[in-house]
Amino acid sequence: MKRTLSLLLLSALSLAAAQKVATPIAIGIAVAQTSNASLFGQEQVIGAKLAEKFLNARGGVGGTPIKLVFQDTSGDEAGAINAFQNLISKDNVVGIVGPTLSQQAFSADPIADRAKVPVIGPSNTAKGIPQIGAYISRVSAPVTAIAPNALKQALKINPKLKKVAVLYAQNDAFSTSETGIFQQTAKDLDLNIATVQKFQTTDNDFTTQVTAVLGENVDLVIISGLANDSGNLIKQLRQLGYKGLIVGGNGLNSSSMFPICGQYCDGVIVAQAYSPTQSSAANQLFAREYKAQYKKDPPQFAAQAYTGVQVFVDALKVLDHKRKIADWDLGELRVALNKQILIGKYKTPLGELSFDKDGDIVQQAFYVAQIKMKDAKNGTFVFLK
Ligand code: MET
């Protein structure tokens, strides 16, 4: 009797678990559409939507369209967890592109990993993200690959650089990870770190930190933070008289920062994982399509989000050749999709890419740009040689 009952229970459970993949094929986008992280999230939404539009126009997945399902993560861990849970259990997505911040990824990714739902990080650059689990990969090259390039470029501009100040947001996982790489690279390049100053991503007043920096007479300032805090920090550094070079990390890689630091953004050096001039056919198409719609070059966060969606679509196409996606069981598809993502090679706006055994991006080229302001609100990232 007991046995029959448990057998019944088991088959009821597996019945509940068996679920065909719905069409159009739902891909989850869990990025920060609100909060201070929305300065990056808004660019990601644009990139993902462009991918949906153009990949569907080119046939989607073997004739079946994809449909992006957006869940706003806001800027904190709770928001990301909530968005992931909704996408996994209510929206029944095949996989997720997100979240925006590494700080959020460390909390939300384990949920998807346990549910065996593939996640592609579109902008998480902290060390350790792909190592969260077998279902976590990323198309955003890590701080270890990006940050050193900006410092080398600063030395190219001013080979006499010697004394540097380092500032970072201590309440953000990516910023603490990035500053570690900046500080190590500075030492490797024989630069002398005169002071290390901490702040919070929620800070607006940086008088204490700026005073400490000015007291050291440094000729380079290195900043790791998010857009709002870093923008205000730069503004106050300049207003209080700092004249030297500034290197900013990934959090300063968005034109959304321009209205915050205004004319004071001018000259800030930021390393890039994407260049609008990258010569691949995939990028030329993407850049042209972006420019036609937004009248400017695509930013890195949009290109990476586009790439995240494209990787899902390309991997789904391979599986669709084996068996039409609509005939798969959702759980089985998620597992097979994750495997396919990791073994594939992709021709994307970031260039040709693949993944290493952990799910970290293997990318060919990186760049460095310098901010050039036209007026108090508008500017561009000028790519340096
Ligand atoms: N790279 C950041 C992170 O990993 C997100 C975008 S820039 C602040 O958290």
Side-chain angles (χ1 to χ4, degrees), residues 29-48 73-77 79-80 97-109 119-132 136-147 149-150 167-182 199-203 222-234 247-258 260-261 268 270-274 299-305 307-308 350 359-361 363 366 369 371 381:
I29 308 292
V31 297
Q33 295 177 260
T34 54
S35 84
N36 61 344
S38 69
L39 295 180
F40 313 113
Q42 284 158 7
E43 293 181 351
Q44 297 179 306
V45 167
I46 289 174
T73 61
S74 188
D76 60 4
E77 293 89 329
V97 176
T100 301
L101 302 178
S102 296
Q103 179 75 26
Q104 298 175 298
F106 285 118
S107 293
D109 285 2
V119 173
I120 299 180
S123 54
N124 314 142
T125 55
K127 269 210 240 176
I129 294 286
Q131 289 76 18
I132 291 171
I136 314 301
S137 58
R138 66 172 155 196
V139 290
S140 43
V143 288
T144 42
I146 303 285
N149 301 318
L167 301 102
Y168 72 96
Q170 61 175 333
N171 62 332
D172 177 63
F174 140 74
S175 300
T176 53
S177 181
E178 189 186 65
T179 197
I181 301 303
F182 271 140
F199 59 89
Q200 305 279 332
T201 51
T202 46
D203 284 351
I222 305 169
I223 301 172
S224 294
L226 305 186
N228 203 58
D229 43 350
S230 301
N232 279 312
L233 171 54
I234 289 168
V247 160
N250 199 211
L252 287 75
N253 195 2
S254 166
S255 57
S256 320
M257 201 185 64
F258 296 166
I260 303 166
C261 43
V268 175
V270 186
Q272 309 281 326
Y274 168 73
Q300 174 195 280
F301 291 112
Q304 288 174 322
T307 300
L350 307 179
D360 215 345
I361 183 173
Q363 183 177 344
F366 300 106
I371 297 174
F381 286 92

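Counting starts at 1 for both ligands and their atoms, in listed order. Every heavy atom of this structure was used, including side-chain atoms; hydrogens, water molecules and symmetry mates were not.
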### Query
For Gln103 and Thr201, what are the C-alpha separation, side-chain angles and deciding distance, and is it a side-chain contact (heavy atoms from CB on, under 4.5 Å)?
CA-CA 12 Å; Gln103 179 75 26; Thr201 51; over 6 Å; no
List ligand 1 atoms under 4.0 Å from [X], heavy atoms only on the residue side.
{"X": "Leu101", "result": "5 (C), 9 (O)"}
{"X": "Asn124", "result": "4 (O)"}
{"X": "Leu226", "result": "8 (C)"}
{"X": "Phe301", "result": "6 (C), 7 (S)"}

### Query
So do Ile146 and Thr125 actually touch side chain to side chain, heavy atoms under 4.5 Å?
no
### Query
Would you call Phe182 and Leu167 a side-chain contact if the rule is heavy atoms closer than 4.5 Å?
no
### Task
Return yes or no for this condition: an N or O of Thr125 is under 3.5 Å from an N or O of ligand 1.
yes
### Message
Check this for me - ligand 1, Asp172, N or O atoms closer than 3.5 angstrom, yes or no?
### Response
no
### Message
Side chain, backbone, both or neither: which applies to Thr100 and ligand 1 if a contact is any heavy-atom pair less than 4.0 Å apart?
### Response
backbone
### Query
Under the side-chain contact (heavy atoms from CB on, under 4.5 Å) criterion, do Phe106 and Ile129 qualify, and how do the steps go?
CA-CA 7 Å; Phe106 285 118; Ile129 294 286; 3.7 Å; yes
## Note on the structure
Closest to atom 3 (C) of ligand 1 among protein heavy atoms sits Phe174 CB, 3.2 Å
### Query
Considering only protein heavy atoms, which is closest to atom 4 (O) of ligand 1, and at what distance to one decimal place?
Ser102 OG, 2.5 Å
### Check: Phe258 ring centre within less than 6.0 Å of Phe381 ring centre
yes
### Task
Enter the distance from Gln104:CD to Asp76:CG here, rounded to the nearest 0.5 Å.
6.5 Å
### Task
Sort out for me which residue in Gln304, Gln300, Gln44 forms a side chain to side chain donor-acceptor pair (under 3.5 Å) with Ser123.
Gln44
